[in-house]
Amino acid sequence: QVRLVESGGASVQAGGSLRLSCAASGSTYNFYLMAWFRQAPGKERESVARIFRSGNSFYADSVKGRFTISQDNAKNTLYLQLNNVKPEDTAMYYCAADYSSSSSYSSMSKARYRYWGQGTQVTVSS
């Protein structure tokens, strides 16, 4: 059974940095697609960044240039580096993954991903 466990969430001041980690119970190389989503109170869960097995990565416009997604297949871990954080980055951050290379859903869609972690909280104060 696949298990994803996020860590690294914290309370930080605007302009600061932190790194989120997502440890997978199996090999991250076997996942075709991995991603980070976030959900703020009262809002829909939204895509933040995703990375394909090929290494190609994509970002939401709101985080482009500030966040970086990466994975270490030797450690079976997905990362999200958050730099120059803003109060609007405050949310629960979730790791997601899927093995399938084909889907009718966009890689930005929650429905695209079969496996999810429990989330890690990021709070940014001004």
Original post:
With a 3.5 Å cut-off and no angle check, do the side chains of Ser107 and Arg112 form a donor-acceptor pair?
Top reply: no
Pairwise side-chain contact, [X] with [Y], heavy-atom cut-off 4.5 Å (strictly under):
X	Y	answer
Glu46	Gln39	no
Lys110	Glu44	yes
Leu33	Arg50	yes
Ile51	Gln71	yes
Gln121	Thr90	yes
Val85	Val122	no

**OP:** Report yes or no: do Val12 and Val48 belong to one cluster of Ile/Leu/Val/Met/Phe/Trp/Tyr joined by side chain heavy-atom distances under 4.5 Å?
**Re:** yes
Original post:
Is there a chain of hydrophobic side chains (I, L, V, M, F, W, Y, each step under 4.5 Å between heavy atoms) that links Met34 to Phe67?
Top reply: yes
Subject >> Working for side chain to side chain contact (heavy atoms under 4.5 Å, CB included), residues Arg53 and Asn73 >> reply: CA-CA 10 Å; Arg53 187 186 296 158; Asn73 292 326; over 6 Å; no
Atom of [X], atom of [Y] and distance for their closest heavy-atom approach:
X	Y	value
Tyr115	Leu4	O-CD1, 3.6 Å
Ala49	Leu80	CB-CD1, 4.3 Å
Ala97	Tyr113	N-CD2, 3.8 Å
Ile69	Ser57	CG2-CB, 3.6 Å
Ala14	Pro87	CB-CD, 4.1 Å

Original post:
By ring pair (Phe, Tyr, Trp, His ring centres under 6.0 Å), which residues pair with Phe31, not counting sequence neighbours?
Top reply: Tyr99
Could you state the interatomic distance from [atom1] ([X]) to [atom2] ([Y]), rounded to the nearest 0.5 Å?
X	Y	atom1	atom2	answer
Tyr93	Ser7	OH	OG	15.0 Å
Arg114	Ser103	CZ	OG	12.5 Å
Thr123	Gln13	OG1	CD	13.0 Å

**OP:** For Arg45 and Tyr94, run side chain to side chain contact (heavy atoms under 4.5 Å, CB included): C-alpha distance rounded to whole Å, both residues' side-chain angles, the deciding distance at 0.1 Å, then the answer.
**Re:** CA-CA 9 Å; Arg45 191 172 298 190; Tyr94 297 91; 3.4 Å; yes
Subject >> disulfide bond (SG atoms under 2.5 Å apart) contacts in which one or both residues fall within residues 28-126, not counting sequence neighbours >> reply: Cys22-Cys95
Original post:
Heavy-atom count around Glu88 CD within 6.0 Å, excluding the residue itself: above 12?
Top reply: yes
Original post:
Side chain of Thr77, backbone of Lys75: donor and acceptor closer than 3.5 Å?
Top reply: yes
**OP:** Show your reasoning for whether side chain to side chain donor-acceptor pair (under 3.5 Å) applies to Ser17 and Asn83.
**Re:** CA-CA 4 Å; Ser17 298; Asn83 295 329; 3.0 Å; yes
Subject >> Ring-ring centroid check Phe52 Tyr32, cutoff 6.0 Å >> reply: yes
Original post:
Would the Phe37 and Trp116 ring centres measure less than 6.0 Å apart?
Top reply: yes
Original post:
Less than 4.0 Å between a side-chain N and a carboxylate O, is that true for Lys86 and Asp89?
Top reply: no
Original post:
Do Arg19's NZ or CZ and the ring of Tyr79 fall within the cation-pi criteria of under 6.0 Å and 45°?
Top reply: yes
